[in-house]
Amino acid sequence: MVNKEHRFGSLVSDHEFFTRSIDTSLPGLENLKKAVENENFGNARSLFAEHVRKSLRPELYFRIPPHEMQNQFFVPGETIEEMGERILSLKLISCGTPHQFSGKVDWSANPTFNEYKEWTWQLNRHWEWEVLAKRYRETGAEKYAEGLVNLFTGWVRQVVAPENAPGYSTYGWRTIECGLRMGNAWPYALHACYRSSHFTDDVLIDWYKSLWEHALRLRHQHREGNWLLMEMNGLSHIGVLCPEFKEAENWRHYAQEKLIQELNKQLYPDGFQYELSTNYHEVVLNNYFQVVQLYQAYGFTIAPEIVSALENACSAHVKLMMPDGLLPDVNDGRWLNVSASSSMIEAIRRYPNRQDFLWAYTDGQEGKPPVETSIPFPYSGYYVMRNGWDRQAVWAMFDAGPFGKAHQHEDKLNLLIHAYGKLLLTEGGNYAYDDSEMRRYVLSTRSHNTVRVDGSDQNRRIAYRWKEEDIRLPADTEWRTSEAFDFVQGTYDEGYGAQAQIKVAHSRSVLFLKNHPLVSPCFLVIDRLTPQDEESHSYEFLWHLNSESAVVYGETSFTLNEDGPNLTVITNRTGNLTGKIVQGQTEPEWQGWKNTPVFAQGEYGPAPTVVYELTAAGPIRTVTLLFPTNTGERCPVKVLEASGDVHDRQIRLGLIDGQSIVIDENEQTSSLS
């Protein structure tokens, strides 16, 4: 091997490959052993290729259930037939952006307008190879195997394995790409196409040389977090599928030991993964399950603690999901459909007694939902409030948890609301990992439903350092639930601004009136802001609405969805508070945007955002009512009365019909007048 990527391809010699990597003492390799001892490497290449063709077990490999192919490498709605023809023409797509190559693929290319590095990295995950292999299995047409071999030979000659480069470096050999290739496209392609005439002896030898290089890199340059699980998935595949390698057994044992260790390092006791992202929680589940499936297909024993821990982790999906069956797009998450997720498909096979898994997988047609409606995640800090499990239920999620290990947004005390079949209170969401204004926006407090201070965002990132013991620390919150009310309270006190220099503590309580005799389910949000100084501070209370448009009148605003549910926002009259709607703003800063389900550059749109502004010195309390209404209904609350005194606990809701509801924060009880 060489210490840098080289345009002439892998420099692993036959001597090095056959003497260092292959266990020629295995039964059936006696002739290969003699050829190697005699340094007859031409014969050794033929003998090893013959052995591969005889020993591969596609009947075992294809027992493994199909997995979800990641990355936006296809056009939405494109059939696999259309994908196959497009790939053969060398029009490849990465991160949602297509590029037409001519003659051969340049695996270092980057055609994006802003040199988005993910484009090149994810191109080197080789999902297209699996598409061509599937078409070959389906049709037997040699053009697909030929196209696959052309992609492989072009890649292996251009993108040479570095010897000791860190796992994050190089465009084609980052260890995350190594793990993904080895756990997905490469083994599928090999088992589908190895009997094709285009898979010559030379191709098979180069393929196995590259497998060995991948294994060495995954074993010695792996990283941590979700990357580590993809890396160990890839290393497990090489260890199981390639017993000819001397270190195959050691690689299997090492990978499984790492996977066991990471259960306690990465999963909170409540089951959620420590990056606190719905997307990466699914990534973690999928990579664990792929190893479990691989071991089962080939008759290896998987550690029982892995299977047990994954059951608890799968339950997080069910507990978090919105009434429409999607997961909330929190941190670097995504609007994942739970019933179609790879993890839930595997969960119903793996845990047949879990009626809640079956219920989620079948969209409520079979099984039973969880007994509880409102469910806390006391370690990861997510609090789900709901009044039922049907599609019309009222649901909210409050984020009062820790900063997490990675993929974080500056969004503590954020709130989302889904009701009557529609997401009503949304957020900026997730966006492509570039350096665009939209990326900066989704990471910021600006794009979430919480409070900014003096025009500045939360800033946990500046001083935060994850410690291994953090996984066992409960979130600093208060939670109570009953048939009538849910109550949750959390605090952000880690500073605002570029240096976290603005010292104002923000305490937020959310009171869910889920079963009240006078009003349908609604939410009261009580914000208390306490500066450490006596200076005047400006506050922005942000509410991102999932609506065509919205209006604001004084202390009241509401969405304008003409053909669906709506959300009314009412705040108390406090000091000099004013309200406005901001939508699609770029100057002086970005505000009023949301992402789309397509995780690609340029995929976002405007979202009407209510911005209440208030300037005050000393501690201040504001109270906001968030009232969802079904199609054709009207919010029954006319006015919200609450003082700005942080010590006051009384709130009065004046109804349109003249009645009043008086609520005591401390007791979470109400009286009528």
Participant: Which heavy atom of D201 sits nearest to which heavy atom of A49, and what is that distance?
Facilitator: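 Heavy atoms of D201 and A49 come nearest at OD1-CB, 3.4 Å.
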Participant: In Å, rounded to the nearest 0.5 Å, how long is the span from CD of E82 to CD1 of I87?
Facilitator: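 Those atoms lie 11.5 Å apart.
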Participant: Less than 6.0 angstrom separating the ring centers of W127 and F74, yes or no?
Facilitator: no
Participant: Under 3.5 Å, is there a donor-acceptor pair between the side chain of D329 and the main chain of G429?
Facilitator: no
Participant: Using a 3.5 Å distance criterion without hydrogens, assess whether the side chain of Q256 forms a donor-acceptor pair with backbone atoms of A303.
Facilitator: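 Looks like yes, one N/O pair under 3.5 Å.
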Participant: D202 and T200: side-chain donor and acceptor closer than 3.5 Å?
Facilitator: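 D202 vs T200: no donor-acceptor pair found between side chains.
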Participant: Report the relative orientation of the aromatic rings in F101 and H99; use parallel for angles under 30°, tilted for 30 to 60°, perpendicular for over 60°.
Facilitator: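 Answer is perpendicular, since the angle exceeds 60°.
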Participant: How many angstroms lie between atom NZ of K258 and atom CZ of R219, to the nearest 0.5 angstrom?
Facilitator: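 One gets 8.0 Å once the value is rounded to the nearest 0.5 Å.
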Participant: Just checking, is any N or O donor in the side chain of T175 or E231 under 3.5 Å from an acceptor N or O on the other one?
Facilitator: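 E231 and T175 do have a side-chain donor-acceptor pair below 3.5 Å.
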Participant: Between N279 and N430, do the side chains contain an N or O donor and an N or O acceptor separated by less than 3.5 Å?
Facilitator: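 Absent: no donor and acceptor within the cut-off.
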Participant: side-chain contact (heavy atoms from CB on, under 4.5 Å) for Q290 and M230? Distances and angles first, verdict last.
Facilitator: CA-CA 10 Å; Q290 284 183 27; M230 289 180 264; over 6 Å; no
Participant: Please state whether the rings of H237 and Y61 are parallel, tilted or perpendicular, taking 30° and 60° as the class boundaries.
Facilitator: perpendicular
Participant: Verify, without hydrogens or angle tests, whether N287 (side chain) and V283 (backbone) share a donor-acceptor contact under 3.5 angstrom.
Facilitator: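 Yes: the side chain of N287 pairs with the backbone of V283.
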Participant: Below 4.0 angstrom, N of the basic side chain to O of the carboxylate: do D14 and K209 qualify?
Facilitator: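 Judged by the 4.0 Å cut-off on N to carboxylate O distance, D14 and K209 do form a salt bridge.
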Participant: Ignoring hydrogens, what is the shortest heavy-atom contact between L218 and C178? Give both atom names and the distance.
Facilitator: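 Minimum heavy-atom contact is CD2-CB, 3.7 Å.
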Participant: Would you find a donor on one side and an acceptor on the other, under 3.5 Å apart, between the side chain of R135 and the backbone of Y144?
Facilitator: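 Checked: no pair found.
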Participant: With rounding to the nearest 0.5 angstrom, report the OG1 to CG distance, T97 to L92.
Facilitator: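 Result: 12.5 Å between the selected atoms.
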Participant: At their closest point, which heavy atom of S341 faces which heavy atom of L336, and how far apart are they?
Facilitator: CB-CD2, 3.9 Å
Participant: Give a yes or no on whether the backbone of Y379 and the side-chain of D270 come within a donor-acceptor separation of less than 3.5 Å.
Facilitator: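 Checking the backbone N and O of Y379 against the side chain of D270, a donor-acceptor pair under 3.5 Å is found.
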Participant: Would you say S89's side chain and R86's backbone share a donor-acceptor pair under 3.5 angstrom?
Facilitator: yes
Participant: Between H67 and N286, do the side chains contain a donor N or O and an acceptor N or O under 3.5 Å apart?
Facilitator: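 Result is no, nothing qualifies.
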Participant: Run the salt-bridge test on E469 and R472 with the 4.0 Å N-O cut-off and return the result as yes or no.
Facilitator: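 A salt bridge is absent here (no side-chain N lies under 4.0 Å from a carboxylate O).
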Participant: Do any N or O atoms from the side chain of S21 and from the backbone of F17 form a donor-acceptor pair under 3.5 angstrom?
Facilitator: yes
Participant: Taking NZ in K246 as the centre, count heavy atoms belonging to other residues, nucleotides or ligands within less than 6.0 Å. Is the count above 12?
Facilitator: yes
Participant: Y268 and Y274: aromatic ring centres closer than 6.0 Å?
Facilitator: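 Ring centroids of Y268 and Y274 are no less than 6.0 Å from each other.
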Participant: Does atom CD of E59 have more than 12 heavy-atom neighbours from other groups under 6.0 Å away?
Facilitator: yes
Participant: Assess the pair F152 and W207: is the distance between their ring centroids shorter than 6.0 Å?
Facilitator: yes
Participant: Compute the ring centroids of F300 and Y295, then answer whether they are less than 6.0 Å apart.
Facilitator: yes
Participant: Quick check: does any side chain N or O of D470 sit under 3.5 Å from a backbone N or O of W466, one acting as donor and the other as acceptor?
Facilitator: no
Participant: Answer yes if the side chains of Y116 and Q122 hold a donor-acceptor pair under 3.5 Å, and no otherwise.
Facilitator: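 Short answer, no.
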Participant: Verify whether the ring centers belonging to W251 and F245 lie closer than 6.0 Å.
Facilitator: yes
Participant: Is it the case that atom CD in E142 sees more than 12 heavy atoms from other parts of the structure closer than 6.0 Å?
Facilitator: yes
Participant: Just how far is it from atom NZ of K467 to atom NZ of K405, taken to the nearest 0.5 Å?
Facilitator: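 Rounded to the nearest 0.5 Å, the NZ-NZ separation comes out at 12.0 Å.
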Participant: What's the shortest heavy-atom distance between P402 and L276, and which atoms?
Facilitator: O-CD1, 3.3 Å
Participant: Roughly how far, to the nearest 0.5 Å, is CD of E130 from CZ of R125?
Facilitator: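 R125 CZ to E130 CD: 14.0 Å, rounded to 0.5 Å.
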Participant: More than 12 non-hydrogen atoms from neighbouring residues, nucleotides or ligands closer than 6.0 Å to CD on E224, yes or no?
Facilitator: no
Participant: Closest heavy-atom contact between Y194 and V52?
Facilitator: CE1-O, 4.4 Å
Participant: Evaluate whether atom CZ of F48 has more than 12 neighbouring non-hydrogen atoms of other residues, nucleotides or ligands under 6.0 angstrom away.
Facilitator: yes
Participant: Going through the distances and angles, do S196 and Y136 end up as a side-chain contact (heavy atoms from CB on, under 4.5 Å)?
Facilitator: CA-CA 9 Å; S196 165; Y136 183 71; 3.4 Å; yes
Participant: Tell me whether the NZ or CZ atom of K134 lies within the 45° cone about the ring axis of Y188 and under 6.0 Å from its centre.
Facilitator: yes
Participant: Show your working on side-chain contact (heavy atoms from CB on, under 4.5 Å) between R195 and R53 and close with a plain yes or no.
Facilitator: CA-CA 7 Å; R195 288 197 173 110; R53 294 189 183 97; 5.7 Å; no
Participant: Given 3.5 Å as the limit, does a donor-acceptor pair link the side chain of S210 with the main chain of D206, or not?
Facilitator: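 Checking the backbone N and O of D206 against the side chain of S210, no donor-acceptor pair under 3.5 Å is found.
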Participant: Please assess L285 against C314 for the test side-chain contact (heavy atoms from CB on, under 4.5 Å), listing each intermediate value before the final yes or no.
Facilitator: CA-CA 8 Å; L285 286 171; C314 284; 4.0 Å; yes
Participant: Centres of the W155 and W186 rings: under 6.0 Å?
Facilitator: yes
Participant: Would Y254 and H222 count as a ring pair (Phe, Tyr, Trp, His ring centres under 6.0 Å) here? Give the steps.
Facilitator: CA-CA 12 Å; Y254 182 83; H222 61 71; 5.7 Å; yes
Participant: Evaluate Q296 against R350 for side-chain hydrogen bond (donor to acceptor under 3.5 Å, both in side chains), listing each step before the verdict.
Facilitator: CA-CA 11 Å; Q296 184 176 20; R350 189 70 49 189; 3.2 Å; yes
Participant: Does the pair R174/E177 count as a salt bridge with the N-to-O cut at 4.0 Å?
Facilitator: yes
Participant: Side chains of Q601 and D434: do they bring a donor and an acceptor to under 3.5 Å?
Facilitator: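 Side chains of Q601 and D434: pair found under 3.5 Å.
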Participant: Answer yes when K143 and E146 have at least one side-chain N-carboxylate O distance shorter than 4.0 Å, and no when they do not.
Facilitator: no
Participant: Just do the ring pair (Phe, Tyr, Trp, His ring centres under 6.0 Å) check on W121 and Y168 with the steps written out, would you?
Facilitator: CA-CA 11 Å; W121 288 331; Y168 193 84; 5.7 Å; yes
Participant: Find the distance between OH (Y604) and OG (S436) and round it off to the nearest 0.5 Å.
Facilitator: 7.0 Å
Participant: Between R217 and E213 (salt bridge meaning N to carboxylate O under 4.0 Å), is one present in this structure?
Facilitator: no
Participant: Is it the case that the side chains of H281 and E275 hold a donor-acceptor pair, with the cut-off being a distance below 3.5 Å and no angle test?
Facilitator: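 No, H281 and E275 have no side-chain donor paired with an acceptor closer than 3.5 Å.
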Participant: Ion pair present between R439 and D332, side-chain N to carboxylate O less than 4.0 angstrom?
Facilitator: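 Salt bridge: yes.
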Participant: Judged by atom type as modelled, is there a donor-acceptor pair below 3.5 Å linking the side chain of H317 to the main-chain atoms of M344?
Facilitator: no
Participant: So does R57 have more than 12 non-hydrogen atoms from other groups sitting under 6.0 Å from CZ?
Facilitator: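 Atom CZ in R57 is not crowded, with 12 or fewer foreign heavy atoms closer than 6.0 Å.
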Participant: Indicate the atoms forming the closest heavy-atom contact of L60 with A297, along with that distance.
Facilitator: O-CB, 3.7 Å
Participant: Is there a donor-acceptor contact under 3.5 Å linking the side chains of E244 and Y208?
Facilitator: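 Judged by distance alone, the side chains do not pair up.
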Participant: Measure centre to centre between the rings of H407 and Y433, then say whether the value is under 6.0 Å.
Facilitator: yes
